[in-house]
2 protein chains.
Amino acid sequence: MTARNTDTKEEIVRIGTALIKSHGYNAFSYADIAEKLQVRNAAIHYHFRGKEDLLSEIIDQYIDLYNSLDKQLRAVGASATVTLEKFIERYSCLVDANSICIIGSIASDYNTLPVSVKEKVKQLVTLVLKLVEQTLAAGKKSGEFVFPETPKTQTLLLMTNLAAGVQLARITGKKDYDTIKKAIIRQLKGG
Amino acid sequence: MTARNTDTKEEIVRIGTALIKSHGYNAFSYADIAEKLQVRNAAIHYHFRGKEDLLSEIIDQYIDLYNSLDKQLRAVGASATVTLEKFIERYSCLVDANSICIIGSIASDYNTLPVSVKEKVKQLVTLVLKLVEQTLAAGKKSGEFVFPETPKTQTLLLMTNLAAGVQLARITGKKDYDTIKKAIIRQLKGG
DNA sequence: ATAAAAACTTACTATTTAGTAAGTAATCCT
DNA sequence: AGGATTACTTACTAAATAGTAAGTTTTTAT
């Protein structure tokens, strides 16, 4: 009651993000976050007027994250192989955490979201697809990757393999994800 | 109020299934079904004690559906190409209905389900994977399909492409799904 | 024709959820 | 030091959700 926590807002976003990835957007309430944070329900409303505002902020942070990730990897001149490895690693971590990717999770609840949030989700998806496509295109040019499809098509195939791969792993086990992951890499190495 | 509807139970399952595929399992309530069916809330409880029982029945019906589909296609001696076409067609219809596949939808809410339902979902997924794998294996043997991976691995790649493809289409539009669909077929025809 | 079973409705209750208004304690600013 | 601002809490309310108990109508079976 005495000590004031200055990063409550960040914690709310962190917990909210984790809940979406593990239970789904429409499966948690402010009460769940409040309990985990040991604050009252109204404290969440103070930081985010409603659940949609929280979701909006969560997506904004993902957009920022991918933009900085891209900038950073460019800055250090990371190869296409390393860049893609880091990207895939993110999905492997999701499997270990019994979670799915935020985009896949939101896709299920997409029709229940207000237009403003839908548009932000679209922005995020477009960004991620663009970054992966650039990586695949660069890798093809440098000879690191060999694949028959256009970078755009190969990106769609790779992204859907990963996104649904973590969803599947949740149901049938990690082995299926690992099989998919290895096949993705084989395909890019000119299997 | 006078005429008694003998297929209310089937209608509940139909509407429930549609709601899961369009809005997600945790995004609808019995009231939504009751309103669409023009009956009282308690009528839904009469047929299905709780939401989990309804979900359980919905999954059972999918298991039955895929089993009969398999039996029927075997009975008429359908080729691997035709069988797979029919299967893919199901996903294309989902896109047109602004829906996603039931497995993908449930995967998002998976951690909120009781163990009994989780096991049934696993059964369904295993069945679908088995049927597709058999089709791919048969197609490879007959020379209809040419692919470098094992039938099992190719099935995982194909299924994840399709499942996440319809999810993606919901956000970025049908074009991306069509690109994926064409690429899947190219891959099987020895692209 | 009637008893039993099926398919509901009415009428509740308890809990969760989303949200607001008003008050309080800590910190920040000058 | 004093006023404003921030970050909450307490204390509500309104609506949605899940569910039950008891009664009513319709259909089925004998």
Side-chain angles (χ1 to χ4, degrees), chain A residues 1-20 22-59 61 105-106 108-109 111-117, chain B residues 1-20 22-59 61 105-106 108-109 111-117:
Chain A
M1 318 311 144
T2 51
R4 201 50 60 91
N5 206 344
T6 55
D7 45 32
T8 297
K9 193 170 183 176
E10 292 166 38
E11 284 289 284
I12 294 170
V13 172
R14 213 204 74 237
I15 295 170
T17 304
L19 282 169
I20 292 174
S22 79
H23 289 73
Y25 177 69
N26 282 314
F28 79 92
S29 70
Y30 270 20
D32 296 318
I33 298 177
E35 201 196 351
K36 292 202 186 203
L37 251 181
Q38 291 284 75
V39 295
R40 299 292 156 177
N41 218 294
I44 320 288
H45 280 286
Y46 170 76
H47 291 288
F48 300 99
R49 182 176 282 269
K51 220 174 147 185
E52 291 159 6
D53 302 84
L54 172 57
L55 178 58
S56 194
E57 173 64 23
I58 288 172
I59 299 165
Q61 292 206 5
S105 181
I106 294 174
S108 291
D109 301 274
N111 288 342
T112 71
L113 304 176
V115 175
S116 62
V117 179
Chain B
M1 313 311 152
T2 52
R4 198 55 55 93
N5 207 344
T6 55
D7 45 33
T8 297
K9 193 169 183 176
E10 292 166 38
E11 283 289 283
I12 294 170
V13 172
R14 214 203 74 238
I15 295 171
T17 303
L19 282 169
I20 292 173
S22 79
H23 288 73
Y25 177 69
N26 283 313
F28 78 91
S29 69
Y30 270 20
D32 296 317
I33 298 176
E35 201 196 353
K36 291 204 187 205
L37 250 182
Q38 291 283 76
V39 296
R40 298 294 154 178
N41 217 293
I44 319 288
H45 281 286
Y46 171 74
H47 290 288
F48 300 99
R49 183 175 281 269
K51 222 176 147 183
E52 291 159 5
D53 303 85
L54 173 55
L55 179 57
S56 194
E57 172 66 22
I58 288 171
I59 299 166
Q61 292 207 4
S105 181
I106 294 173
S108 291
D109 300 276
N111 288 342
T112 71
L113 303 176
V115 174
S116 62
V117 179

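Excluded from the calculations below are hydrogen atoms, water molecules and symmetry mates; all remaining heavy atoms, backbone and side chain alike, are included. Lettering of chains follows the sequences in order, A, B, ..., and the numbering in each one begins at 1.
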Test log, rule side chain to side chain donor-acceptor pair (under 3.5 Å), inputs A/Asn26 and A/Thr112:
CA-CA 9 Å; A/Asn26 282 314; A/Thr112 71; 3.1 Å; yes

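- At distances below 3.5 Å, not a single donor-acceptor pair connects side-chain atoms of B/Tyr30 with backbone N or O atoms of B/Arg40.
- With hydrogens and angles ignored, the 3.5 Å screen pairs a side-chain donor or acceptor of B/Ser105 with a backbone N or O of B/Ile20.
- A/His47 places its NE2 atom 18 Å from the P atom of D/dT5, with the value rounded to the nearest Å.
- Within a 6.0 Å sphere centred on CD of B/Glu35, other residues, nucleotides and ligands contribute 12 heavy atoms or fewer.
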For nucleotides 17-20 of chain C, list the nitrogen or oxygen atoms of the protein found under 3.5 Å from its nitrogen or oxygen atoms, one pair per line.
{"residue": "C/dT17", "atom": "OP2", "partner": "A/Ser29", "partner atom": "OG", "Å": "3.3"}

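- Among residues at least two apart or in separate chains, there is no side-chain hydrogen bond (donor to acceptor under 3.5 Å, both in side chains) pair with a member in residues 42-54 of chain B.
- Rounded to an integer number of Å, the gap from NZ of B/Lys9 to P of C/dA5 is 18 Å.
- Look at CD1 on B/Ile33: it is 14 Å from P on C/dC8, rounded to the nearest Å.
- Rounded to an integer number of Å, the gap from CG of A/Asn26 to P of C/dT16 is 18 Å.
- Within the 4.0 Å cut-off from OP1 or OP2 of C/dA7, at least one side-chain nitrogen or oxygen of B/Tyr46 is found.
- Here A/Arg40 does not reach the OP1 or OP2 of D/dC8: none of its side-chain N or O atoms lies under 4.0 Å away.
- A/Gln38 has its CD atom 14 Å from the C1' atom of D/dT9, to the nearest Å.
- Proximity of A/Leu55 to A/Ile106: side-chain heavy atoms (C-beta onward) are separated by under 4.5 Å at one or more points.
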